[in-house]
Amino acid sequence: MIPPDVRAVFFDAVGTLLHPEPPAPVAYAAVARRFGSRREEGDIAARFRAAFRREEAFDLANGLRTSEEREERRWRRIVAEVLDDVSDPDACFAELYEHFGLPENWRCEAGAVDALAELGRAGYVLGIASNYDSRLRRVVAGMPRLARVNHLVISAEVGWRKPAPEFFAALCTTAGLSPEAILFVGDDVVNDYEGARAAGLKAVLKSSGGALRDPRLWDITPPG
């Protein structure tokens with residue numbers, strides 16, 4: 001159950017509330033083909049995971065500081081590493097960067113709308129807090145199903161990426177609440193669960209089946 005002292009529930013974005021549609025490897029392959037790439041979706045998916053891990057490690061080694069410029073550079077480096085056989089790398093990157101900033105290329109998590117509605121009716125302040133950049137504002141604004149969200153906390157805007165404690169401090173400031181009054185919901189053990197808990201927030205992971213559960217059944221016990 002959600003503890004009685006919780007007044008706000010914040011959600012991670014990608015992987016928790018939002019999913020790319022079509023999936024990222026499909027989108028990458030479609031754009032890449034227009035620029036002469038011959039890479040298949042499976043190859044793209046594996047290369048993407050490896051490139052993403054390297055950028056995560058880079059950010060961790062640099063204290064989890066970020067900015068709009070850093071986030072764009074991160075994605076430029078990922079695209080260049082994944083799609084190293086395109087004819088025009090700059091144009092390919094620009095098209096993909098724009099693609100993932102459009103609301104029509106995202107879908108809401110199954111059950112998210114009902115969960116948000118129930119939480120809103122119960123009087124909770126609702127927010128999204130994400131390692132992302134300003135494109136997320138356009139995505140959320142273009143999705144009426146997320147209209148109940150009161151606040152957006154975005155790493156590129158606050159200058160810190162999860163799991164930095166400064167990120168969660170910015171979340172608390174945005175909500176106007178103490179850490180113990182906020183429940184954070186995410187899909188990543190380190191960035192979302194452990195990061196929020198270390199900063200004094202309550203936290204819960206999505207169910208192992210990948211869906212947002214009925215919020216009345218949430219608990220804050222450590223993941224097994």
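Worth knowing before you read on, the calculation uses all heavy atoms, side chains too, and leaves out hydrogens, waters and symmetry mates. Quick caveat, the model's predicted, so the values are computed rather than measured.
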Do Leu205 and Val185 make a side-chain contact, defined as non-hydrogen atoms from C-beta onward lying under 4.5 Å apart? no
Hey, are Ser130 and Asp12 close enough side-chain-wise for a donor-acceptor pair under 3.5 Å? no
For Ala24 and Pro20, which heavy atoms make the closest approach, and how far apart are they? N-CG, 4.0 Å
For Leu60, what residues pass the side chain to side chain contact (heavy atoms under 4.5 Å, CB included) criterion, not counting sequence neighbours? Leu64
For the atom pair CD1 (Ile44) and CD (Glu41), what is the distance rounded to the nearest 0.5 Å? 7.0 Å
What distance separates Glu55 CD from Ile78 CD1, expressed to the nearest 0.5 Å? 5.0 Å
Do the non-hydrogen side-chain atoms of Leu146 and Leu18 ever get within less than 4.5 Å of each other? yes
Assess the residue pair Val139 and Asn105 against the criterion (side chain to side chain contact (heavy atoms under 4.5 Å, CB included)); give the C-alpha distance rounded to whole Å, side-chain angles, the decisive distance to 0.1 Å, and a yes or no. CA-CA 9 Å; Val139 171; Asn105 295 323; over 6 Å; no
Heavy-atom pair of closest approach, residues Pro163 and Asn191: CD-OD1, 3.2 Å
Looking at Lys162 and Asp192, is any side-chain nitrogen of the basic one under 4.0 Å from a carboxylate oxygen of the acidic one? yes
Show which residues join Val125 in its hydrophobic cluster (side-chain heavy-atom contacts under 4.5 Å, direct or indirect), or state none. none
Mind checking who shares a hydrophobic cluster with Val26, ILVMFWY linked at side-chain heavy-atom distances under 4.5 Å? none
Would you confirm whether Glu157, through its side chain, and Asp133, through its main-chain N or O, come within 3.5 Å as a donor-acceptor pair? no
Atom pair CZ/CG of Arg145 and Asp114 - distance to nearest 0.5 Å: 8.0 Å
Are Asp59 and Arg65 close enough for a salt bridge, meaning some N to O gap below 4.0 Å? no
Non-hydrogen atoms of Leu116 and Phe11 that approach each other most closely: CD2-CE1, 3.6 Å
Salt bridge between Glu98 and Arg138, side-chain N to carboxylate O under 4.0 Å? yes
With rounding to the nearest 0.5 angstrom, report the CH2 to NE2 distance, Trp106 to His19. 9.5 Å
I want to check something: taking the side chain as every heavy atom from C-beta on, are Val86 and Val31 in contact at a cut-off of under 4.5 Å? no
Would you say the side-chain atoms of Asn62 pair up with the backbone N or O of Phe58, donor to acceptor, closer than 3.5 Å? yes
Other cluster members, Leu177 - Ile/Leu/Val/Met/Phe/Trp/Tyr, side-chain contacts below 4.5 Å: Phe10, Val153, Val158, Trp160, Phe167, Phe168, Leu171, Ile182, Phe184, Leu201
Report yes if the side chains of His151 and Ile128 come closer than 4.5 Å at any heavy-atom pair, otherwise no. no
Can you get from Phe100 to Phe52 by hopping between Ile, Leu, Val, Met, Phe, Trp and Tyr side chains that sit under 4.5 Å apart? yes
Looking only at heavy atoms, what is the nearest atom pair of Ser178 and Cys172, with distance? C-SG, 4.4 Å
Measure up the Tyr97 and Phe93 rings against each other and bin them: parallel (under 30°), tilted (30 to 60°), perpendicular (over 60°). tilted
Do Ile154 and Ser134 have side-chain heavy atoms sitting under 4.5 Å apart? no
Do the side chains of Arg161 and Glu71 get close enough for a salt bridge, i.e. N-O under 4.0 angstrom? yes
Correct closest heavy-atom pair for Ser37 and Asp85 would be OG-OD1, 2.8 Å
Cationic N near anionic O, under 4.0 Å, Lys202 to Asp5: yes
ILVMFWY network linking Met143 to Val149, side-chain heavy atoms under 4.5 angstrom: yes
Hey, is Glu69 close enough to Arg74 for a salt bridge, meaning N to O under 4.0 Å? no
With a 4.5 Å heavy-atom cut-off, do Asp188 and Thr16 have their side chains touching? no
Salt-bridge criterion met for Glu81 and Arg77 (N-O under 4.0 Å): no
List the atom of Asn131, the atom of Ser155, and the distance in Å for their closest heavy-atom pair. CA-OG, 3.3 Å
Not counting sequence neighbours, which residues clear ring-ring contact (aromatic ring centres under 6.0 Å, His included) with Phe35? List them please. none
Distance (rounded to the nearest 0.5 Å) between Leu83 CG and Leu96 CG: 6.5 Å
Leu212 side, atom CG; Asp187 side, atom CG - distance, nearest 0.5 Å: 9.5 Å
If the condition is salt bridge (Lys or Arg N to Asp or Glu O under 4.0 Å), which residues does Glu118 pass it with, not counting sequence neighbours? Arg216
Hey, does Tyr132 have a side-chain heavy atom less than 4.5 Å from the side chain of Arg135? yes
With a 4.5 Å heavy-atom cut-off, do Arg39 and Asp84 have their side chains touching? yes
